[in-house]
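All values below were derived from every heavy atom in this structure, side-chain atoms included, with hydrogens, water molecules and symmetry-related copies excluded.
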Amino acid sequence: MKNKKQKISGIFRQWLLVLVIVAFLATTVFLWVFQTQLSKNNAVQLLSLNISDVKEDIIDASDKNLLKLSYQIADELNKSENINSELLAELTQKYDVTEINCVNNAGIIIASTYPYFLNYDMRSGVQSAEFMVLLSGEKEYVQSYQPVSYDASISRKYGGVVLENGGFVQVGYGAERFQKDIDEFVIGVTHNRHVGENGSIIIVDEKGNIISDRYGNEGQNIGVTGICFDTSEVPERQNFTAKVYGESCFCMHQVTEGYHIFAVMPKIEAALSRNVSVCITTIMQLIVFASLFIVIFYLVKRLVVDNIYRVNESLSDITAGNLNTTVDVRSSIEFDALSNDINATVNTLKKYISEAEARIDAELAFAKAIQHSALPSVFPPYPNRNEFEISAAMYTAKEVGGDFYDFYFVDEDTLAFLVADVSGKGIPAAMFMMTSKTLLKSYAESGMDIEQVFTTANEKLCESNDAGMFVTVWMGFLDTKTGMISFVNAGHNPPVIKHIDGSVTTLKSRANFVLAGMEGIRYSKNEYQLEKGDVIYLYTDGVTEAMDIQNELYGESRLLDVLQKIENLDTRGICDEIKNDVDSFVGEVPQFDDITMLCFKFNGEGEAE
């Protein structure tokens, strides 16, 4: 039996080795092909993005230039008492444009540098009808550079500006003036623009001459770059390959405003990410496949016996969660011992699970205590300051949560206070909460303006945010002398103001994007003047989204009603009253979300006690 087992295991080992090698080679080839296509797709996306950016720059410059001329001509016409074709002809020469048309409020051309355009109804043509927006409230309008409707061989760009006495003036200039004006902008547009690390943008006019190139070849034909093909044969935005300045590159082109924009990126740069990824993955595969080979061979060598299936049936029940299953395979001394060992292991596992649950509960309780200790908990926090009162509370749905509040002085007379809500719950949310709280406080105390605090904190939180978490925050800087609040709302519930006369209002403002949601966001601040006796109440959505047994939400309306009814309570009493009302509303329904609130009352400027 021993020799027979060795022979079977030897055969199995050989075939397993062959299969592992084949699988390794197959996955490596697939990875190479996949990463090659992925790197190419990434390069194409980068080319397309850069072309779009340059296209928008050119169009913006073109529109701005034509509108400038249109406004200058409109000023001349507004000063003139008699608008006629002779005056338009003079303005055409003065401003070096090709065409000027004056249109009345009915959309009819009443004066033109082209006599046959007189009495033409602008609504009757597809291109001309676009300018009718100038009779519907728009002040200016610009068309893209394109062939005119009456002669496809002529390309022209039109702009329109409303006149003071009604109607509008339409100004157009042709290819020569268009190129003259725009070339001044386009010449240097690509010098500092890179596609990736070593790629570039090349802009060519309709004759194939280079207008802008980071290598300084302006004025020469596109052929000097190595891009030699008929653009009409390759659709716009379609990838093609060419040798640009002697280096094989991915290329893409698009025509806009009479220019051909070429984006190029060296293939070797596009393939760099592929090579690195394949190298790392291949090493990992070697380790994984070698480990699999050893483990599988060992398991098969040890477990290829008939009775193992009976053991596996019992083990299946155990692994499914039924720890009361007993293994009873006793056909031999070995399996008898195995059965006893499995049963003993299950009993030990049950004991360990019970102990682990108790330990986890204790550790979570300790984590909750740590989290709460990181928040201000002594009220009143500043007994020597009587300009304001402040209280706050946090009630987590689980042992630890993602909500938090905070307040601190950033200078002698400026108090920062905030409420925030991290996406998700439990330990991940708590960790992200601590990071967010620390960053906001650090940047606020560094002397930054409040909008810069959010902008800087957002960039930091976005770094390595692989879990995709985010945090909503409402934060204000209060001048304790004047009651002026500068605040930023990053996707959070707007606070409620309870005025001295008992009325309540929601402090609504244009909300900014959440923190850690997207890089490159610029945050803007708002301001609000608190009056003496005003109370501001901040909260998380755990308050308004608390749900009763009928799945009805507590809601903002009920919150406003409760705040309006509250009288003669300090900030601590207001928080307690609202929490009691929420508890009364939900009844026996378990708390679903973290509930956090902060209540602040402005007493006005006072002396330190």
Side-chain angles (χ1 to χ4, degrees), residues 368 371-372 375-381 388-398 401-407 415 417-422 425 433 472-476 478 485 487 489 491-509 511 528 530-531 533-603:
K368 180 177 182 179
Q371 184 183 33
H372 279 264
L375 305 179
S377 58
V378 177
F379 300 100
F388 59 89
E389 300 173 20
I390 190 168
S391 294
M394 181 176 72
Y395 310 90
T396 55
K398 294 187 175 182
D403 284 8
F404 66 94
Y405 65 84
D406 207 352
F407 52 86
L415 176 71
F417 60 101
L418 65 116
V419 165
D421 186 359
V422 175
K425 299 178 180 66
M433 162 261 185
T472 67
V473 185
W474 193 101
M475 183 177 188
L478 170 73
I485 298 178
F487 66 91
N489 187 352
H492 197 74
N493 306 78
V496 180
I497 303 293
K498 182 176 177 64
H499 301 281
I500 187 65
D501 60 2
S503 62
V504 295
T505 57
T506 301
L507 182 55
K508 292 185 177 180
S509 62
Y528 182 81
L530 286 177
E531 302 298 333
D534 281 354
V535 174
I536 181 169
Y537 175 77
L538 283 70
Y539 62 96
T540 61
D541 56 13
V543 175
T544 53
E545 293 180 6
M547 192 175 297
D548 65 6
I549 195 169
Q550 283 81 33
N551 292 330
E552 293 183 1
L553 297 178
Y554 183 83
E556 184 177 337
S557 297
R558 178 163 180 150
L559 174 61
L560 295 176
D561 290 340
V562 173
L563 280 169
Q564 192 165 26
K565 293 176 183 178
I566 292 175
E567 295 180 359
N568 302 322
L569 288 180
D570 58 12
T571 55
R572 177 75 270 170
I574 293 174
C575 290
D576 292 341
E577 184 69 16
I578 294 175
K579 180 59 168 63
N580 292 337
D581 192 67
V582 172
D583 292 342
S584 175
F585 174 80
V586 300
E588 299 299 323
V589 178
Q591 183 178 334
F592 174 74
D593 198 1
D594 301 335
I595 294 177
T596 301
M597 59 184 73
L598 183 148
C599 189
F600 176 93
K601 181 178 180 181
F602 178 62
N603 295 326

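The two atoms that bring E545 and L553 nearest to each other are O-CD2, 3.5 Å, heavy atoms only. Between D406 and L598 the shortest heavy-atom distance is O-CD1, 4.1 Å. Residues C599 and C575 come closest through the heavy atom pair CB-SG, 3.6 Å. Between Q591 and I595 the shortest heavy-atom distance is NE2-N, 3.6 Å. Considering all non-hydrogen atoms of both residues, A420 and V473 come closest at CB-CG2, 3.7 Å. In this structure, R558 and F585 approach most closely via the heavy-atom pair NH1-CD1, 3.2 Å.
With 3.5 Å as the limit, one finds no donor-acceptor pair spanning the side chains of D403 and Y395. Side chain to side chain, T506 and E556 meet the donor-acceptor criterion of an N or O pair below 3.5 Å.
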Candidate pair I578 and M597, rule side chain to side chain contact (heavy atoms under 4.5 Å, CB included), full reasoning
CA-CA 9 Å; I578 294 175; M597 59 184 73; 4.2 Å; yes

Go through it in stages, so that I can follow the logic: the residues are L559 and Y537, the test is side chain to side chain contact (heavy atoms under 4.5 Å, CB included), and I'd like the CA-CA distance, side-chain angles, deciding distance and then a yes or no.
CA-CA 10 Å; L559 174 61; Y537 175 77; 3.8 Å; yes

Please assess V496 against T505 for the test side chain to side chain contact (heavy atoms under 4.5 Å, CB included), listing each intermediate value before the final yes or no.
CA-CA 6 Å; V496 180; T505 57; over 6 Å; no

For a side chain to side chain contact (heavy atoms under 4.5 Å, CB included) check, start with the C-alpha distance between K601 and D534, then their side-chain angles and the critical distance, and finish with the verdict.
CA-CA 6 Å; K601 181 178 180 181; D534 281 354; over 6 Å; no

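Using a distance-only test at 3.5 Å, with no hydrogens or angles considered, a donor-acceptor pair links the side chain of N580 to the main chain of D576. At distances below 3.5 Å, at least one donor-acceptor pair connects side-chain atoms of K498 with backbone N or O atoms of L563. Here the side chain of E389 pairs no donor or acceptor atom with the backbone of R572 at under 3.5 angstrom.
Separation of atoms CE (M475) and CG (L418) is listed at 5.0 Å; rounding is to 0.5 Å.
Considering W474, F388, F407 as possible partners of F600, the one that fulfils the ring-ring contact (aromatic ring centres under 6.0 Å, His included) test is F388. Among T596, N493, V419, the single residue meeting the side-chain contact (heavy atoms from CB on, under 4.5 Å) criterion with L538 is V419.
Between I485 and L530 there is a side-chain heavy-atom pair separated by less than 4.5 Å. Inter-residue side-chain proximity for Y528 and L507 is flagged as met; some heavy-atom pair is nearer than 4.5 Å. Within the 4.5 Å cutoff, the side chain of I390 has no heavy atoms near those of the P380 side chain. Side-chain atoms of T540 and Y405, non-hydrogen and from C-beta on, never get closer than 4.5 Å to each other. A 4.5 Å side-chain heavy-atom check between I566 and V562 finds at least one atom pair inside the cut-off. Within the 4.5 Å cutoff, the side chain of N489 has no heavy atoms near those of the K508 side chain. Residues E577 and L569 meet the side-chain proximity criterion, which asks for heavy atoms closer than 4.5 Å. The side-chain heavy atoms of D541 and D593, taken from C-beta on, include a pair separated by under 4.5 Å.
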